[in-house]
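Heavy atoms only: backbone and side chains are in, while hydrogens, waters and symmetry mates are out. All chains are named by letter (A, B, ...) in the order of the sequence lines, taking the proteins before the strands, and each is independently numbered beginning at 1.
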Number of protein chains: 2
Amino acid sequence: MGSKELKQVGLKVTLPRMKILAILQEHGGAQHLSAEDIYKSLIASGEEVGLATVYRVLTQFETAGLVKRHHFEGGQSVFELNQGEHHDHILCLQCGRIEEFVDEVIETRQREIAAQHGFRLAEHSLILYGNCTNPDCPHRPPTH
Amino acid sequence: MGSKELKQVGLKVTLPRMKILAILQEHGGAQHLSAEDIYKSLIASGEEVGLATVYRVLTQFETAGLVKRHHFEGGQSVFELNQGEHHDHILCLQCGRIEEFVDEVIETRQREIAAQHGFRLAEHSLILYGNCTNPDCPHRPPTH
DNA sequence: TTTGCTGCAAATGCTTTGCATGTAG
DNA sequence: CTACATGCAAAGCATTTGCAGCAAA
């Protein structure tokens, strides 16, 4: 299942790569995991991979366009499967919940602003931080 | 001139703090400097400050609301004087030029999106990355 | 004087790299 | 068989912290 993607981007099909891809694909691929998260997950399932390998593989995946790297508050990078369409993120400062959204109004406005300033827009990073009013929001600091 | 701000926020008026404030205020206060930048600037002007002090002071300034910290691409944090009104940034991937902008359309839309997802919006980070078409853009990698 | 500040060096947290061994193609 | 992958330990950065000495109020 994951071997096709690996071959496509010219990476050898190895166990660590397959496993990491599988972890990212869980729950529909809409996860945002740190390298450490993935490493722990591997260890938990009895795999013998080094943290360095996790970082190396994730970087290769990013270069290959398989995953996207984000820099949310908190120092560490988080990775998610590249699901094709671009999206931005909103995350809860209380419980760390992350939701994705796409908004054409904002996308369009960004291009206009870039043009006004004499820039050709290449990419952007938009992250909204807030408190989710969900009753089941466990009011504790985010895991990452 | 900077001593007033320091007293206001309950920090003792010391030479390192005055100097760092002065550096941030240069060029109208619209600079985006890393701790290292500021440290080098101090050293260059013959001051005997430690890098640790620069970090400590910047963190205190941030807590006091005197400066804002941003996480642009590149690992290090950059600091700018808190000029009161919120704004976002657009920066050139080629020359590192940074421009600031405010857009009500985007601001409003962000609040709407947050509300739609059941979030009370606390803050946000919006950074546009592009290539500035300025003829004098020195096509080399950004300094930070 | 007393509390808070500073420099220095050491410690930290995340991420990358060097190297010898192992393995996919 | 050969080029690429891996694990481990060590190295790298950016940033923080412990501590003894100094200085602002």
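More than 12 heavy atoms of other residues, nucleotides or ligands lie within 6.0 Å of CD in A:Glu104, so this atom counts as buried by the packing criterion.
With rounding to the nearest 0.5 Å, the separation of CG in B:Asp88 from CG in B:Asp103 is 8.5 Å. For the atom pair NE2 of A:His117 and OG1 of B:Thr133, the computed distance is 12.0 Å after rounding to the nearest 0.5 Å.
Applying a 4.0 Å cut-off to non-hydrogen atoms, the residues of residues 7-15 of chain B that approach DNA chain D are B:Lys12, B:Val13, listed by residue number. For the segment residues 41-50 of chain A, no residue has any heavy atom less than 4.0 angstrom from an atom of DNA chain C.
Within the 4.0 angstrom heavy-atom criterion, only backbone atoms of the sugar-phosphate kind lie near B:Arg17; the bases stay farther away.
In this structure, B:Gln76 places its CD atom 15 Å from C1' of C:dC14, rounding to the nearest Å. Residue B:Gln60 contributes atom CD, which lies 14 Å from atom C1' of C:dT3 at whole-angstrom precision. Atoms NE2 (B:His71) and P (C:dC14) sit 14 Å apart, rounded to a whole Å. Between the CG atom of A:Asp37 and the P atom of C:dC14 there is a distance of 11 Å, rounded to whole Å. Following rounding to the nearest Å, A:Met18 (CE) and C:dT23 (P) show an atom-to-atom distance of 17 Å.
Nearest-nucleotide positions on DNA chain D place B:Phe79 closer to the 5' end than the other of B:Arg56 and B:Phe79. DNA chain C is contacted by both A:Glu36 and A:Ala52; A:Glu36 maps to the nucleotide lying nearer its 5′ end (nearest heavy atom per residue).
Taking all atoms of both residues into account, the shortest heavy-atom contact from B:Ile23 to B:Ser41 is CD1-OG, 3.4 Å.
Hydrophobic cluster membership is shared by A:Ile43 and A:Met18, with clusters built from Ile, Leu, Val, Met, Phe, Trp and Tyr side chains linked at under 4.5 angstrom.
Of all nucleotides in DNA chain D, those with any atom nearer than 4.0 Å to a heavy atom of chain B start and finish, going 5' to 3', at D:dA14 to D:dA25.
Formation of a donor-acceptor pair under 3.5 Å by the B:Glu73 side chain with backbone atoms of B:Leu93 is not found in this model. A donor-acceptor pair under 3.5 Å is formed between the side chain of B:Gln31 and the backbone N or O of B:Glu26. A distance-only check finds no donor-acceptor pair linking the side chain of A:Gln110 to the backbone of B:Ile106 [under 3.5 Å].
Using a 4.5 Å heavy-atom threshold, the side chains of A:Phe79 and A:Asp37 count as separate. Between B:Phe72 and B:Leu91 there is a side-chain heavy-atom pair separated by less than 4.5 Å.
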Go through the steps to decide whether A:Val49 and A:Ile38 satisfy the test side chain to side chain contact (heavy atoms under 4.5 Å, CB included), and finish with yes or no. CA-CA 10 Å; A:Val49 279; A:Ile38 294 174; over 6 Å; no
